[in-house]
J.: 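One structure, as structure tokens, below. Some questions next.
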Amino acid sequence: MCSIMGYCAPCADLELFKQGFGRTVSRGPDDSRIADTGRGLLGFHRLAIMGLSPEGMQPFELDGSYVVCNGEIYGFEKLREALSDKYTFKSGSDCEVLLPLWREHGTGMFPMLDAEFALVIYDAATQGFIAARDPIGIRPLFYGYDKNGAIMFASEAINLVGLSDHIMPFPPGCYWKDGEFVRYCDIAAPHGSVIGGLGEVCAGIRARLIRAVEKRLVSDAKVGFLLSGGLDSSLVCSIAQRSSEQPIRTFAIGMDTDAIDLKYAREAADFLGCDHTEVIITRGDVISSLEKVVKTLGTFDITTIRASMGMYLVCKYIHEHTDIRVLLTGEVSDELFGYKYTDFAPSADEFQREAEKRVRELYMYDVLRADRCISVNSLEARVPFGDLDFVSYVMAIDPEMKMNRYGKGKYLLRHAFEGGGWLPDGILWREKAAFSDAVGHSLADDLKEYADSLYTDAEFEEKRSKYSHAQPFTKESLLYRELFEKYYPGQAGMIKDFWMPNRSWPGCDVDDPSARVLTNYGDSGR
């Protein structure tokens, strides 16, 4: 990951900018630079991944125009080749193509990008700024206004605390220009319909996921993999191992008392021939890391925080004990193929609407978790299931096929890799278990017990009543909200609400986001 920031006004306060920008140096510890465009400031903290030479350092400049980008531009080599007759490139960085693309195509460049990105451009020709974010929001971007009405952009909300009274996430799939947000891509909306029977559809899923993983293996820095032993991360590792001449490095995490994932991750790693590492954590590790995790995430959401505890700690281990810089993860699959609770969808149309909602909100929940837990440990996240071609294809499949009509959730994805020796049957057909639960049921239980010890019932009622937006409804949620307010005072509007199953569906009217409370949980946590 890298960190970017833009203060889009000629009167930008340099010292205030430095103060805010310095809070995310862990996203890019290799080098830092601030450019004064004459009309505002652009800052960049670098984590060198592609084009490791000093020439790959941003901001890039072209005839007085500048760009800062936290991103990965897939297939940039073809873009650079197409531009090479008119432009000279000085580095191996994928992001160096952005200013030439801007000059040639303007805002039309954004739909052209096969990328995970957040960027800010200063255009010398118009003396104006442009900002944009990828369609899913895999790379973070926030905005706010200073006391004089000047807009600011930053990779994380923490950069803007104290600089703006009202901080909001930059909407995914949009660009900002001339004071307006314009949507250039709604990735969640189906574009056409996938035609074909079960075999053809599953072949399309398989081919696209393989391409999505393979393109994310291209890196000038070392690559590793988070392996929970669940379907999604195991498929990513299986595809990657087939593409690698050496054993890939995989990492799994579990509680010392009741880890569920570890045995499945070991089974998958042994089958695939991975160089596998297990990280064991304790109740003390979880409780002592809680405040740092909430500060890092910038959320009060229960399920995001629970799931982040294990992810943050395994990434911390990777940062401290290896020279890996890039991690591939299994996020985004659930939103496309279904959660445990979507088994209760009353119709295919309802299933599809729920999938579209979840994809549009990813940037506030699972994608936010993956970005922060990985980037705060000076690593870069890559999310193959978030590949734009893959997401577009799956969202266009008839939802009747995606619903659980087969006695097993995510059947299409499983069937796509059935046969061919991709995974052991016990992993390919393993029941879905939420990451926070599968690290160990004690993880969530320990957090709830800790929160219960901090408040009497009377204190809970008094303290939660102070909040009107997303009011805490358990002592655990109150604890998270108070920690959030400590670092992001008055900014709760950044998060729409608590992530919860669709309570309007039969079987889903629950008071805890864990799949453990659903009647169809079954063997998921064993």
Side-chain angles (χ1 to χ4, degrees), residues 2-28 32-45 58-59 61 64-70 102 107 117-133 137 139-172 174-182 295-300 363-364 368 371-372 375 469 484-496:
C2 299
S3 182
I4 65 172
M5 187 168 172
Y7 200 152
C8 307
C11 58
D13 186 323
L14 179 59
E15 291 307 312
L16 198 61
F17 183 93
K18 288 180 178 179
Q19 178 183 329
F21 192 43
R23 296 172 187 150
T24 52
V25 70
S26 63
R27 293 186 69 93
S32 296
R33 186 178 298 167
I34 297 173
D36 187 344
T37 68
R39 304 289 297 177
L41 303 170
L42 292 178
F44 186 73
H45 294 311
Q58 300 183 41
E61 186 266 342
S65 296
Y66 294 84
V67 65
V68 287
C69 178
N70 170 27
W102 172 255
T107 57
F117 74 93
L119 62 75
V120 183
I121 293 172
Y122 171 70
D123 187 343
T126 63
Q127 297 187 334
F129 288 87
I130 302 91
R133 191 179 185 188
R139 297 303 170 97
L141 194 62
F142 290 81
Y143 70 97
Y145 299 87
D146 73 1
K147 60 184 178 181
N148 298 313
I151 197 166
M152 298 172 286
F153 302 102
S155 287
E156 295 191 21
I158 198 73
N159 296 124
L160 300 179
V161 171
L163 283 71
S164 177
D165 292 334
H166 185 55
I167 304 166
M168 290 297 292
F170 193 104
C174 292
Y175 65 82
W176 178 91
K177 185 175 182 287
D178 298 328
E180 294 183 347
F181 289 94
V182 178
K295 178 184 178 183
T296 296
L297 293 172
T299 188
F300 50 79
Y363 71 100
M364 290 187 287
L368 178 148
D371 173 83
R372 300 301 190 282
S375 67
H469 173 70
F484 173 87
E485 294 291 340
K486 178 178 179 179
Y487 295 101
Y488 304 89
Q491 303 297 339
M494 294 190 301
I495 305 298
K496 183 178 179 180

J.: Taking the side chain from Gln127 and the backbone from Arg39, do they hold a donor-acceptor pair closer than 3.5 Å?
T.: no

J.: Is there a side-chain contact between Ile167 and Tyr143 (heavy atoms, below 4.5 Å)?
T.: no

J.: Does the Gln491 side chain pair with the main chain of Met168, one donor and one acceptor, at a distance under 3.5 Å?
T.: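 No, because the side chain of Gln491 does not come within donor-acceptor range (under 3.5 Å) of the backbone of Met168.
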
J.: Nearest 0.5 Å, what's the CG-OG distance between Asp123 and Ser65?
T.: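 Answer rounded to 0.5 Å: 4.5 Å.
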
J.: Tell me if the centroids of the rings in Tyr145 and His166 come within less than 6.0 Å of each other.
T.: no

J.: Donor-acceptor pair, distance only, cut-off 3.5 Å: does the side chain of Arg133 make one with the backbone of Ala118?
T.: no

J.: Checking side-chain contact (heavy atoms from CB on, under 4.5 Å) for the pair Leu368/Leu297: CA distance, chi angles, key distance, verdict?
T.: CA-CA 7 Å; Leu368 178 148; Leu297 293 172; 3.9 Å; yes

J.: Is there a side-chain contact between Gln58 and Leu42 in this structure, where contact means two heavy atoms from C-beta onward sitting under 4.5 Å apart?
T.: no

J.: Which pair of non-hydrogen atoms, one from Asp371 and one from Pro140, has the smallest distance, and what is that distance?
T.: OD1-CD, 3.2 Å

J.: Can you tell me how far the NE2 atom of His45 sits from the SG atom of Cys2, to the nearest 0.5 Å?
T.: 10.5 Å

J.: Could you go step by step and tell me if Ile4 and Leu141 meet the side-chain contact (heavy atoms from CB on, under 4.5 Å) rule?
T.: CA-CA 9 Å; Ile4 65 172; Leu141 194 62; 4.1 Å; yes

J.: Look at atom CG of Asp36 and say whether more than 12 heavy atoms of other residues, nucleotides or ligands are closer to it than 6.0 Å.
T.: yes

J.: Working to the nearest 0.5 angstrom, can you tell me the gap between Tyr122 OH and Leu41 CG?
T.: 12.0 Å

J.: Check Met5 against Gly20 and note the closest heavy-atom contact, atom names and distance.
T.: SD-C, 4.3 Å

J.: May I ask you to decide if Asn159's main-chain N or O and Glu156's side chain share a donor-acceptor pair within less than 3.5 Å?
T.: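 The answer is no, because no donor-acceptor pair under 3.5 Å joins these two groups.
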
J.: Could you tell me if the side chain of Thr24 sits less than 4.5 Å from the side chain of Ile158, heavy atoms only?
T.: yes

J.: Mind checking whether Lys18 and Ile34 have side chains closer than 4.5 Å, heavy atoms only?
T.: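 Touching, per the 4.5 Å side-chain cut-off.
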
J.: Are the ring centres of Phe44 and Phe21 closer than 6.0 Å?
T.: no

J.: Evaluate side-chain contact (heavy atoms from CB on, under 4.5 Å) for Asp146 paired with Leu163, printing each intermediate quantity in order.
T.: CA-CA 6 Å; Asp146 73 1; Leu163 283 71; 5.9 Å; no

J.: side-chain contact (heavy atoms from CB on, under 4.5 Å) for Val120 and Ile130? Distances and angles first, verdict last.
T.: CA-CA 6 Å; Val120 183; Ile130 302 91; over 6 Å; no

J.: Checking Ser3 side chain against Val25 main chain: does a donor-acceptor pair fall under 3.5 Å?
T.: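 Side chain of Ser3 to backbone of Val25, a donor-acceptor pair under 3.5 Å: no, none is there.
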
J.: Taking the ring centre of each residue, are Trp176 and Phe129 less than 6.0 Å apart?
T.: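 That pair fails the under 6.0 Å test.
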
J.: Just checking, is any N or O donor in the side chain of Ser375 or Arg27 under 3.5 Å from an acceptor N or O on the other one?
T.: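 Their side chains do contain a donor-acceptor pair, which is all the 3.5 Å distance test asks for.
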
J.: Rounded at 0.5 Å granularity, tell me how far CG in Asp178 sits from OG1 in Thr126.
T.: 7.5 Å

J.: Considering all heavy atoms of both residues, which atom of Met152 and which atom of Leu160 are nearest to each other, and what is their separation?
T.: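 The pair with the smallest heavy-atom distance is CB-CD2, 3.9 Å.
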
J.: Can you measure from NZ (Lys295) to CZ (Arg372) and round to the nearest 0.5 angstrom?
T.: 13.5 Å

J.: Looking at Trp102 and Thr107, what are the two nearest heavy atoms and their distance?
T.: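 What the structure gives for the nearest pair is CZ3-N, 3.4 Å.
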
J.: What pair of heavy atoms forms the shortest contact from Ser164 to Gly144, and how long is it?
T.: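 So the minimum-distance heavy-atom pair works out to OG-CA, 3.4 Å.
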
J.: Hey, which of Phe181, Tyr175, Tyr363 is the one that makes ring-ring contact (aromatic ring centres under 6.0 Å, His included) with Phe170?
T.: Phe181

J.: Are Arg139 and Asn70 linked by a side-chain donor-acceptor pair shorter than 3.5 Å?
T.: yes

J.: For a quick test of reading the model, state the closest non-hydrogen atom pair linking Phe142 to Ser155 and the distance between them.
T.: CD1-O, 3.6 Å

